[in-house]
Amino acid sequence: MQGKMEIVKRRGIFSLFRQSHSSTASIFTQKPHSSASPSPQIFNSVTDDQTLFRILEGCKLSANFKGAVSMHCNILKRGYGMYPSLLSLLITVYVSCGKAYLAHQLLSEICFSNFGVVSANLLIDSLMKVGEIKIANKVFSELPYHDVVTWNSTIGGYVRNGFFLEAIATFKEMLGTETEPDGFTFASVITACSRLGALNHGKWVHDLLTERKIELNYILSSALVDMYSRCGRIETAKSIFGASQRTDVSIWNSMINGLAIHGLAVDAISMFSTMEEENILPDHVTFIGILTACSHCGFVEQGRKYLNLMQIDYSIQPQLEHYGAMVDLFARAGLLQEAYAMIKEMPVEPDVVIWRTLLSACRTHKNSELGELAVTKINHLGSGDYVLLSNIYCSVKKWHNSEKVRYTMNKKGVRKSSGKSWVEFHGSIHHFRVGDRSHPDTEAIYKILEALTHRTKMEGYVSTSELVLMDISEEEKEENLNYHSEKLALAFQILKSSPGTEISISKNLRTCLDCHSWMKIVSKVLHRVITVRDRIRFHRFERGSCTCGDYW
């Protein structure tokens, strides 16, 4: 079988199956792996395209590769080799069977001028759903005609798979065609801007939305509220919320979640009360937002109240995300045993996120015993897990244990995930990593950063070196901390902006204690507002303090 597939790769999938479909079909007369798969007799007796389509669907659901190849032979044998619907499905079947190279081979031999736009759109959407971005993009590129659904499937697929810059670039390409974007297009692009924290891009898309007189339904209103919240403009988000039709729960959820990530728990709770007054029934997403808000502000009793409320008053059974938020609430508040008790008592299996939440709290509260237990519950340890455990040992000065963790990391070839920060400037996204010297303005950035570090020290800044991963000298620890990605991003923004301009930075990890302390002093000495969106929430630094109240 393996040899046959190698021949397929070398000689071309169509040409091979045309020459040897009879012999190939006979290879697959064994019983398929899945009991739900069609029998070999069915594979060989099919005569019409609809039956072929239904059997291929079965092969896709059961990932029956042998059956798929046999059906491919039948498709050619029965003269259906140019049927777009069958070819589209066959490509997705190969992808679902883990044979993306066959999907690529098949694509290279298809003439897309024979495809109807509906079949092509379904193919793009199916490929995007299973994460085959390159294959979907190839289909998109080779199509002779794109309608609005083609563009939407591609842009939405990019967003779904985390390719936010590609989504925005494709949208810009769409604007240069005769196809007019619709509400679905704008909703996807706004979401891309939201996830990037790209405020200027988001404002540009919002202006286009208004200019083209696209009606603001609840989907678009929710997307805009979410985008401005995630881009650090919570007041703008509130304004849009206030001017919107609020009959659908989704826009309330966007606003509550926006308030939550900004640490505005009191406002989120007030919003929930208003929601009840307006007879809008909350759903499970609403309570995730409320519990998250409580978690970010240490509102333990309120969190308990809302967990009970959702079950008793609204008959909503807590899901994994709700239990995760409660574990986070207890863990952040230092109630590690209560967090662990909830993990043990919850009726659903805890996932890796919940164990990592506990592990992170063990690092914060220096509980190495419970941290060790949490690590044993994570099946596939990532670099962050090793780093957290090593940091726990460092925080309690168990250097030997920390060294053992680092040795294990090296032995298994696990590399520490480096922090990454990015900022938006003049329509471009500029990325920075720890110690990064790849930026064209590196020399100027480092000069500004060194001057800032000197000035903050004069104002009383002392580096927080306890969580640096190694048992090394304090001077070396400080050197490691000085060039964190958010510090480089801030120096770049200072270099490029005028005095007094608000600075916005996004980061892929949680901001560290040292950077947090440093940013507070920078905001004071430069008289600047600095907003940092980390993986968890927003930190708004102004006049030497942060909106998180040093609780995050």
Side-chain angles (χ1 to χ4, degrees), residues 197 199 229-236 238 258-268 293 295-299 332-334 364 419 421-425 432 434 445-468 474 477-507 509-552:
L199 178 62
S229 297
R230 289 177 181 268
C231 288
R233 297 297 186 268
I234 192 66
E235 293 303 322
T236 307
K238 287 180 181 178
L259 293 166
I261 61 175
H262 280 267
L264 300 172
V266 173
D267 290 354
S295 173
H296 286 323
C297 293
F299 288 3
R332 285 176 191 272
T364 302
S421 298
W422 59 95
V423 295
E424 186 183 23
F425 179 71
F432 299 90
V434 59
I445 290 169
Y446 272 76
K447 283 182 180 178
I448 287 176
L449 186 53
E450 287 164 9
L452 271 177
T453 302
H454 176 72
R455 189 169 175 186
T456 54
K457 285 181 177 179
M458 293 175 65
E459 292 290 328
Y461 162 71
V462 178
S463 63
T464 309
S465 59
E466 66 176 49
L467 294 182
V468 176
E474 291 301 316
K477 287 183 179 181
E478 186 175 332
E479 183 74 12
N480 279 325
L481 293 167
N482 282 345
Y483 305 115
H484 277 190
S485 62
E486 56 264 61
K487 291 182 178 179
L488 294 171
L490 176 64
F492 171 77
Q493 287 283 64
I494 292 170
L495 174 67
K496 297 294 183 180
S497 61
S498 57
T501 306
E502 185 168 335
I503 291 173
S504 296
I505 301 167
S506 295
K507 182 177 171 64
L509 305 175
R510 288 179 68 180
T511 191
C512 74
L513 182 61
D514 179 76
C515 288
H516 193 271
S517 301
W518 186 77
M519 291 277 183
K520 288 196 295 183
I521 297 176
V522 171
S523 72
K524 177 182 176 182
V525 299
L526 293 186
H527 304 287
R528 294 260 198 145
V529 174
I530 304 166
T531 302
V532 176
R533 183 183 80 165
D534 70 12
R535 185 175 59 84
I536 301 295
R537 57 164 299 155
F538 274 89
H539 299 269
R540 184 180 173 87
F541 303 96
E542 187 173 9
R543 298 175 184 174
S545 63
C546 179
T547 51
C548 74
D550 298 337
Y551 184 92
W552 81 95

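- Note: Ile448 CD1 to Leu495 CG = 4.0 Å, rounded to the nearest 0.5 Å.
- Counting heavy atoms from C-beta outward, Arg537 and Ser295 have side chains that stay 4.5 Å or more apart.
- Residue Ala293 comes nearest to Ala265 through the heavy atom pair O-CB, 3.4 Å, listed as atom of the first residue, atom of the second, then distance.
- Taken to the nearest 0.5 Å, the OG atom of Ser485 stands 7.5 Å off from the CG atom of Leu509.
- Among the candidates Arg535, Glu486, Arg533, His516, the single residue satisfying the side-chain hydrogen bond (donor to acceptor under 3.5 Å, both in side chains) test with Thr511 is Glu486.
- Looking at heavy atoms from C-beta onward, Phe541 lies out of side-chain contact with Val522 at the 4.5 angstrom threshold.
- Taking both residues in full, the closest heavy atoms of Ser229 and Ile261 are given as O-CD1, 4.3 Å, listed atom of the first, atom of the second, then distance.
- To the nearest 0.5 Å, the span separating NZ on Lys524 from CD1 on Ile530 amounts to 13.5 Å.
- Put simply, the side chain of His296 reaches to within 4.5 Å of the side chain of Ile536, judged on heavy atoms.
- Between the side chains of Asn482 and Tyr446, no donor N or O sits under 3.5 Å from an acceptor N or O.
- In this structure, the separation between NE2 on His539 and NZ on Lys507 is 10.5 Å, given to the nearest 0.5 Å.
- Without hydrogens or angle criteria, Arg528 side chain to Thr501 main chain gives a donor-acceptor distance under 3.5 Å.
- Ser523 OG to Glu542 CD: the interatomic distance, rounded to the nearest 0.5 Å, is 7.5 Å.
- The distance from atom CZ of Arg230 to atom CZ of Phe538, rounded to the nearest 0.5 Å, is 8.0 Å.
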Might you work through the side-chain contact (heavy atoms from CB on, under 4.5 Å) test for Arg455 and Ile521, ending with a clear yes or no? CA-CA 9 Å; Arg455 189 169 175 186; Ile521 297 176; over 6 Å; no
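- Using a 4.0 Å cut-off between charged side-chain N and carboxylate O, Glu459 and Lys520 make no salt bridge.
- The two atoms that bring Ser421 and Ile505 nearest to each other are CB-CG2, 4.1 Å, heavy atoms only.
- Side-chain contact between Asp267 and Ile234 is absent, with no heavy atoms from C-beta onward closer than 4.5 Å.
- The pair Lys447-Glu450 does not meet the salt-bridge criterion, since no charged nitrogen lies less than 4.0 angstrom from a carboxylate oxygen.
- Side-chain atoms of Glu424 come within 3.5 Å of backbone N or O of Leu199 as a donor-acceptor pair.
- Pairing each heavy atom of Tyr483 with each of Leu488, the nearest pair is O-CD1, 3.8 Å.
- Between His262 and Thr547, the closest side-chain pair of non-hydrogen atoms is not below 4.5 Å.
- Side-chain contact between Phe492 and Ile503 is absent, with no heavy-atom pair separated by less than 4.5 Å.
- Between Leu490 and Val532, the closest side-chain pair of non-hydrogen atoms is not below 4.5 Å.
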